[in-house]
Amino acid sequence: MKRFFRAVNHYIVFFLLVAFLVTCCIMLFTNALMDSLGVVLTEENLATAAKLTFINVIALSMLFTLIDTLRRKVTVERTARRISEAARRIVAGDFSARVDKPSRFTNDEHFVEIIDCFNRMAEELGSVETLRTDFISNVSHEMKTPLAVMHNYGTLLASPELADEKRMEYAKGIIDTSRRLADMVTNILRLNKLENQQIFPHAEEYDLGGQLCECLLQYENIWEKNSIEIETDIADKVQVCADRELLSLVWNNLLSNAFKFTPAGGRVSLTLTTTEHQAIVNVRDTGSGMSAETGAHIFEKFYQGDPSHATRGNGLGLALVKRIVDIIHGEIKVESELGKGTSFTVTIERA
């Protein structure tokens, strides 16, 4: 019923518009004809012309109404229906709903802009929901162990007869565990943001060699404490155009793993070489290495091939590294031999 009244309303509008325009045109035409040729129109001629004109107005109004109805169905109603259906799916919790972009030739450019905004909104809502569910599932699982450790240490600290030495030991255990828990939550948030939201790296040109040296020097206390030999071969003046902060996370995670798995007296090497268009960073250690099975899963979240080092990490570092390298359109390769060490090679474009 609503469609019928809408069609009648459109028809009346077109009828009045066409009647006005046709009447004006006929009056101008007849006046010009009479003035220039001296033609005199009789009452009978005017009556016949008026009837024909009225019929033409009705026909043209119907034709315009039909054309406008078809135009609205193709360019307005169909697109609006698709947007409404996608919106209902999102309301129901299906954040994968998207609206296909219509052709710019059959749709108003404003509709195209609305659909672009709608799809971006749906993508952001989906990423937030994924972040929430993934955060809850991952954290609820991974928090059990550190929370249990903190609970046990806290229970022991409550003992009034506890020696000062033990009290300091348990307090340190709580501090270390809470720090690891905080690092885990931070990495989960970073990784989920990189995985599920549209990231636009803040690219800037800078010296890659200088950044690598800065990252390496952060571990000076560790290599001195464990007598780890350091080898470096860093090319000078290697400029890259990338997100400095994201790449810093890559180098810090790779170096942290190298020092974590390298025993006292071992060796960690850091090299930077170049080709015509690429910069190649290699981080190699003489640590415990890993098997082929471990290497196949090394970039998965929460995967730890060496359970003996679980208290010193959370299995998120390399997943974070892989995602960042993918975002900047780089490449990462790992070579490892059990008992002999591991080598990570990252290749990125030069500026």
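None of these values were measured; they are calculated from a predicted model. Along the sequence shown, residues carry numbers from 1. These values consider heavy atoms only, across backbone and side chains, with no hydrogens, waters or symmetry-generated copies.
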Same cluster or not: V238 versus Y206, using hydrophobic residues (I, L, V, M, F, W, Y) connected whenever any side-chain heavy atoms lie under 4.5 Å apart? yes
Closest contact, heavy atoms only, A97 versus A86: CB-O, 3.7 Å
Out of curiosity, does L217 fall in the hydrophobic cluster containing V283 (side-chain heavy atoms, cut-off under 4.5 Å, transitive links)? yes
Residue pair I327 / D243, side-chain heavy-atom distance below 4.5 Å: no
A side-chain contact here means heavy atoms from C-beta on lying under 4.5 Å apart; do V334 and M290 qualify? yes
Any idea which heavy atoms bring M150 and S178 closest together, and the distance? CE-CB, 4.0 Å
Do any N or O atoms from the side chain of Y170 and from the backbone of N152 form a donor-acceptor pair under 3.5 angstrom? no
Start with the C-alpha distance between L254 and V346, add both sets of side-chain angles, then the distance that settles side chain to side chain contact (heavy atoms under 4.5 Å, CB included), and finish with yes or no. CA-CA 10 Å; L254 294 180; V346 178; 3.9 Å; yes
Drop me the distance from K333's NZ to T347's OG1, to the nearest 0.5 angstrom. 6.5 Å
One pair to check against side chain to side chain contact (heavy atoms under 4.5 Å, CB included): L246 and V250. What are the steps and the verdict? CA-CA 7 Å; L246 288 181; V250 172; over 6 Å; no
Distance, nearest 0.5 Å, that separates CZ of F261 from OG1 of T342: 8.0 Å
Does any non-hydrogen side-chain atom of R267 lie less than 4.5 Å from one of R284? no
Hydrophobic clusters here meaning ILVMFWY residues chained together by side-chain heavy-atom distances under 4.5 Å, can you tell me if W251 and I230 are in one? yes
Between the CG atom in N253 and the CZ atom in F344, the distance rounded to the nearest 0.5 Å is 10.0 Å
Value rounded to 0.5 Å, distance of CG in N226 from NZ in K260: 14.0 Å
If you take all heavy atoms of Y219 and S256, which pair is closest and at what distance? OH-CB, 3.6 Å
Look at the side-chain heavy atoms of Ile, Leu, Val, Met, Phe, Trp and Tyr, link any pair under 4.5 Å apart, and say whether I114 and I90 land in one connected group. yes
Give a yes or no on whether the backbone of H151 and the side-chain of T155 come within a donor-acceptor separation of less than 3.5 Å. yes
Judged by atom type as modelled, is there a donor-acceptor pair below 3.5 Å linking the side chain of S288 to the main-chain atoms of T262? no
Examine the side chains of N282 and S269 and answer whether a donor and an acceptor come within less than 3.5 Å of each other. no
Could you check whether atom CD of E335 has more than 12 heavy atoms from other residues, nucleotides or ligands sitting under 6.0 Å from it? no
Can you give me the closest heavy-atom contact between G287 and D285, atom names plus distance? N-OD1, 2.8 Å
Check R120 with D116, please: is the shortest side-chain N to carboxylate O separation under 4.0 Å? no
Have a look at D233 and tell me which of T271, L270, L272 forms a side chain to side chain contact (heavy atoms under 4.5 Å, CB included) with it. T271
4.5 Å side-chain heavy-atom contact, F259 and L216: yes
Does Q218 form a side chain to side chain contact (heavy atoms under 4.5 Å, CB included) with L255? I'd like the steps, not just the answer. CA-CA 10 Å; Q218 295 179 28; L255 289 169; over 6 Å; no
Got more than 12 heavy atoms from elsewhere within 6.0 Å of CD, E165? no
When you measure from the side chain of R350 to the backbone of Q239, do you find a donor-acceptor pair of N or O atoms at a distance under 3.5 Å? no
Hey, any chance L212 and I222 share a hydrophobic cluster, counting ILVMFWY side chains that come within less than 4.5 Å of each other, even indirectly? yes
Closest approach of C213 and I234, non-hydrogen atoms and distance? SG-CD1, 3.6 Å
Looking only at non-hydrogen atoms, find the nearest pair between P160 and R167 and report the distance. O-NH2, 4.3 Å
Stepwise side chain to side chain contact (heavy atoms under 4.5 Å, CB included) test for C241 and E349: CA-CA 8 Å; C241 187; E349 293 294 323; over 6 Å; no
Under a 4.0 Å N-O cut-off, is there an ion pair linking E169 with K166? yes
Working to the nearest 0.5 angstrom, can you tell me the gap between L208 CG and L247 CG? 7.0 Å
Calculate, to the nearest 0.5 Å, the distance between atoms CD1 and OG1 belonging to I228 and T286 respectively. 8.0 Å
